[in-house]
Amino acid sequence: MTRDTRTSTETDPERRTDAGRYLPADAIPETAPSRETEWRTRLTEAVPTLPRLLKYVLAIGVALLWIVPFLGLFMASVRPLSEILQGWWNVEGMTFTLENYRQAWSYSTAPMGRALLNTFVVTVPSVLVVLLLGAMAAYPFARFEFPLKTALFFLILLVMAAPPELVAMGNYNTLRNIGLFDSYMGLVLVHVGWGLGWVVLFLRNYLLGIPEELEEAARIDGASRYQIFRTIILPLSAPALVSVAVIQFTWVWNAFFFPLVFMRSPDLYLAPQVLPLMRGRLQVQWGLVAAGSVMTLAVPVILFMLLERYYKRGMVAAVTD
């Protein structure tokens, strides 16, 4: 037995390669090898080149342009109005308070608490319906051949290029005629119809990157088109669906034009409609406006932070494919 094992090891080139690839146990050092270069040399090598340094400076400058206004908004929301009038950047003797948030949450004419709930009622169905219809419409564009396919896809791109003001009047009259004006259902339908075009384009590009061999193997096993779509396409499209959900949620949540046109009852106002009503009549209540703005933008920011990993994967795959 020992002779046969030794002979097979000596005659097999792969085993000889593996045997000479690793060190024996007694030859492994107890401590890690020291670096060959000194710390000054490593520090010099870590200094970025001039083009990369310029990119860093540009990126930091753009980041500051976005962060500084938000910092001022947050500082205005947690300080009394008397301190804000002197400049939010003056931190000497700063008073930290949550009174602005309490007043904004239960504001007399336009409470932010009710407005946020109304915004959730409109945003969540708008996102879920767009995800379902968009995936069902993008799959045929990515896999099937049918008449007028190119013309329909061009029509989707044309609708995406049109501004929302262009179709607002037609939607206004349609919702009045069918009795859905000034209702959540009517506003949800408007958001779904407006967001469906870019969702189909986005998901179609992502589905083109999924190998067709997976579907062919499933069809050989007897799976139907519906089973393939439900058990293969949808699970593999999870990053793209998350990206679509985050973007659509942010757009619908922050939308101001459509609620302004199609919502009239104060009890149905959404968060973007409520913010201008907090200004006050005699004096602008900047603290209340800032607190309401922070509460409004906090929801999509938290959602993005929770789904950031899947969002990046979906965006990269949809763009590169």
Side-chain angles (χ1 to χ4, degrees), residues 14 17-18 122-164 166-167 171 188-255 258 300-321:
E14 293 183 1
T17 304
D18 293 339
V122 173
T123 304
V124 173
S126 300
V127 174
L128 297 180
V129 174
V130 160
L131 283 179
L132 178 61
L133 297 181
M136 295 174 62
Y139 182 62
F141 277 107
R143 289 291 188 263
F144 301 157
E145 293 293 336
F146 52 89
L148 301 179
K149 175 181 177 180
T150 304
L152 290 176
F153 194 73
F154 178 77
L155 181 61
I156 292 176
L157 298 179
L158 185 62
V159 172
M160 290 177 54
L166 186 64
V167 296
N171 291 329
V188 168
L189 292 177
V190 172
H191 281 300
V192 169
W194 190 251
L196 194 59
W198 80 267
V199 172
V200 172
L201 175 62
F202 186 93
L203 294 179
R204 177 253 183 190
N205 294 340
Y206 186 89
L207 294 178
L208 290 176
I210 298 179
E212 297 186 18
E213 289 77 7
L214 298 175
E215 303 176 38
E216 295 175 358
R219 296 194 65 180
I220 293 175
D221 293 337
S224 62
R225 283 291 183 181
Y226 170 74
Q227 291 174 332
I228 293 174
F229 178 76
R230 180 176 59 86
T231 60
I232 297 178
I233 299 300
L234 286 182
L236 293 178
S237 303
L241 295 176
V242 170
S243 300
V244 168
V246 172
I247 298 176
Q248 180 72 4
F249 188 95
T250 304
W251 283 357
V252 177
W253 183 272
N254 296 326
F258 284 150
V301 170
I302 295 174
L303 179 66
F304 175 79
M305 294 175 62
L306 294 176
L307 303 176
E308 180 182 4
R309 180 178 59 179
Y310 305 98
Y311 172 81
K312 290 181 179 179
R313 289 171 51 190
M315 289 295 294
V316 171
V319 172
T320 55
D321 292 335

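Just so it is clear, the values below take in all heavy atoms, side chains as well, and ignore hydrogens, waters and symmetry mates. The residues of the chain are indexed from 1 along the displayed sequence.
- In this structure, CG on L196 lies 10.5 Å from CG on L131, to the nearest 0.5 angstrom.
- When the shell of 6.0 Å around CZ of F154 is examined, it contains 12 or fewer heavy atoms from other residues, nucleotides or ligands.
- Between the side chain of R219 and the backbone N or O of I228 there is no donor-acceptor pair closer than 3.5 Å.
- For the pair W251 (side chain) and Q248 (backbone), a donor-acceptor distance under 3.5 Å is absent.
- The side-chain heavy atoms of W198 and I247, taken from C-beta on, include a pair separated by under 4.5 Å.
- Under the 4.5 Å side-chain criterion, counting only non-hydrogen atoms from C-beta, L241 is in contact with L234.
- Separation of atoms CZ (R143) and CZ (R204) is listed at 10.5 Å; rounding is to 0.5 Å.
- Between F141 and F153, the ring-plane angle classifies as tilted under the 30° and 60° cut-offs.
- Rounding to the nearest 0.5 Å gives a distance of 12.5 Å between CG of L152 and CG of L158.
- Partners of V129 under the side chain to side chain contact (heavy atoms under 4.5 Å, CB included) rule, at least two apart in sequence or in another chain, are L133, V192.
- What you find for S243 and F202 is that their closest heavy atoms are CB-CZ, 3.9 Å.
- Ring geometry for Y139 versus F229: interplanar angle of 30 to 60°, hence tilted.
- Once rounded to the nearest 0.5 Å, the distance linking CD1 of I232 with CG of L214 reads 6.5 Å.
- With a 6.0 Å radius and a threshold of 12 heavy atoms from other residues, nucleotides or ligands, Y226 has its OH atom at or below the threshold.
- Looking at every heavy atom in both residues, S237 comes nearest to L207 through OG-CD2, 3.2 Å.
- Taken to the nearest 0.5 Å, the CD atom of E213 stands 10.5 Å off from the CD1 atom of I220.
- When all heavy atoms of F146 and P140 are compared, the closest pair comes out as CE2-O, 3.8 Å.
- Between G134 and L203, the shortest heavy-atom distance links the atoms C-CD1, 3.7 Å.
- Ring geometry for W253 against F249 counts as parallel: the plane angle stays under 30°, on a 0 to 90° scale with 60° as the upper cut.
- Looking at every heavy atom in both residues, H191 comes nearest to S126 through CB-OG, 3.7 Å.
- Atom CG of L306 sits about 10.0 Å away from atom CD of E308, to the nearest 0.5 Å.
- Annotation for G195 and V130: closest pair O-CG1, 4.3 Å, computed over non-hydrogen atoms.
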